[in-house]
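In what follows, a structure is listed as structure tokens, so that the remarks can point back to it.
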There are 2 protein chains.
Amino acid sequence: MSRKEQIERTATALFKTKGYSATSMRDLATALGIEAASIYSHIKSKEEILQRVCFRMAQEFFEAIDAAEEAGGSATDRLKRAIAAHVQVLTHNKEASAVFLHEWRHLSEPLLGTYLALRDKYEARFREIIRAGVKNGEFAVPDEKFAALTILSGLNWTHTWYKPEGKMTPAEIAENLSEMLLNGLSTKKQALHDTYSHLNTI
Amino acid sequence: MSRKEQIERTATALFKTKGYSATSMRDLATALGIEAASIYSHIKSKEEILQRVCFRMAQEFFEAIDAAEEAGGSATDRLKRAIAAHVQVLTHNKEASAVFLHEWRHLSEPLLGTYLALRDKYEARFREIIRAGVKNGEFAVPDEKFAALTILSGLNWTHTWYKPEGKMTPAEIAENLSEMLLNGLSTKKQALHDTYSHLNTI
DNA sequence: CCTACCGATCGGTAGG
DNA sequence: CCTACCGATCGGTAGG
């Protein structure tokens with residue numbers, strides 16, 4: 001691991017626990033065992049580290065969903081695979097994911113705009129799968145955008161409690177999330193879905 | 001509105017958009033149209049503002065779930081009402097909720113510990129409802145703690161996109177969230193729930 | 001609520 | 001990678 005990568009990893013961990021603004025270059029230097037000034041031999045600025053982390057993670061999420069959608073299949077299949085892919089990226093990059101999800105607002109323009117556009121593009125991928133599923137009758141949702149955001153927020157909380165040594169593997173977490181989000185908690189379909197459960201009982 | 005309340009509200013909005021650490025007392029003073037030193041006539045420290053916001057919101061959430069559970073009913077009824085109560089608090093206190101959810105880590109001990117204990121107690125209320133529903137067959141979940149966290153994360157994302165002038169009212173948002181979380185996206189029950197959908201078709 | 005100011009710390013640079 | 005240091009800004013206080 002190069003010194004630059006080491007700086008980035010250490011900074012990512014600090015950004016996650018203390019937040020970007022509350023992490024000083026002296027904090028980072030101490031964690032690395034060097035002087036603050038020495039960090040600047042490897043990076044240009046504090047924000048450069050944040051930029052690298054945010055855009056590397058954006059790339060990881062896109063590559064993961066690309067792979068997940070490539071195999072095609074039903075909307076249900078694609079959504080399950082997209083969920084699994086997202087959870088894989090989250091759990092394999094716990095610290096960087098937290099920074100990506102919570103510290104992006106400290107990016108300055110024009111990169112802040114680029115980041116937000118990427119995030120919207122990524123959310124649109126989930127919206128598209130949901131739209132396809134609604135169209136062919138696999139899904140029933142109140143609102144496609146609303147559904148996509150609720151799903152992603154359910155996934156994104158994972159990084160706050162996931163522990164590699166915990167009892168659930170990333171694959172099991174993904175499976176449980178798919179189960180909860182696709183089928184819900186209820187043992188019986190109700191309310192809006194009464195139409196469908198009624199058909200089922202005929 | 002007293003000056004102290006005015007300071008708290010203005011600070012809350014700044015904490016939400018810039019983050020606690022990145023918001024300076026000079027930023028706050030400028031937003032209020034006074035000098036930074038003058039703020040200290042009304043409050044003791046920057047952290048005091050954060051403390052007041054976090055613990056006031058904790059109280060709001062507890063009062064809301066207390067009222068939601070008081071009416072009793074099935075686990076489904078109670079969960080729906082708890083969801084609606086949570087969303088009401090979130091939407092009526094958009095900025096303060098964001099601070100409560102994201103800036104609490106800047107609290108220092110011993111209040112940080114108190115905060116975390118309260119949050120766990122609140123999550124336990126949702127876990128309890130879920131446990132009751134699993135016990136009497138209303139719900140089927142992979143894991144109770146996991147289910148409670150997934151539900152709460154789905155709810156907590158609301159503050160990032162909710163706009164009072166938007167097309168959905170808080171009550172509609174709550175209804176849509178209940179629908180999604182209780183019944184899921186799928187028009188048919190699958191996987192783990194096959195047991196139940198099978199019984200339904202007999 | 002202001003002026004005047006404090007010591008501490010910030011991100012970052014110069015020069016080696 | 002370090003020493004030495006920069007101007008700017010931080011949260012907060014004294015005294016009115």
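Hydrogens, waters and symmetry mates are skipped; everything else that's a heavy atom, side chains included, is used. Proteins get letters first, then strands, A, B, ... in listed order; numbering begins at 1 in each.
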Minimum-distance nucleotide (side-chain atoms of A/H42 versus D/dG11, C/dC2, D/dC1):
D/dC1

How many whole angstroms separate atom NZ of B/K46 from atom P of D/dT13?
15 Å

Does A/S24 put a side-chain nitrogen or oxygen below 4.0 Å from OP1 or OP2 of C/dT9?
no

Nucleic acid contacts - residues 1-17 of chain A versus DNA chain D, non-hydrogen atoms under 4.0 Å:
A/R3

Does a nitrogen or oxygen in the side chain of B/S38 sit under 4.0 Å from OP1 or OP2 of C/dC2?
yes

Identify whether any heavy atom of B/T23 sits under 4.0 Å from a base atom; if not, whether one sits that close to sugar-phosphate; answer base, sugar-phosphate or nothing.
sugar-phosphate

Could you state the CD1-P distance from A/I39 to D/dC2, rounded to the nearest angstrom?
10 Å

To the nearest angstrom, how far is A/Q51 atom CD from C/dG11 atom C1'?
15 Å

When you measure from the side chain of B/E63 to the backbone N and O of B/E60, does any donor-acceptor pair fall under 3.5 Å?
no

As its Watson-Crick or G-U partner within any shown strand, both distances under 3.5 Å, D/dG16 has C/dC1

Gap separating the CG atom of B/L28 from the NZ atom of B/K46, nearest 0.5 angstrom:
9.5 Å

Measure the spacing between CD1 of A/I43 and OG of A/S45 and express it to the nearest 0.5 Å.
6.0 Å

Rounded to whole angstrom units, what separation is found between the CD atom of B/E47 and the P atom of D/dG11?
12 Å

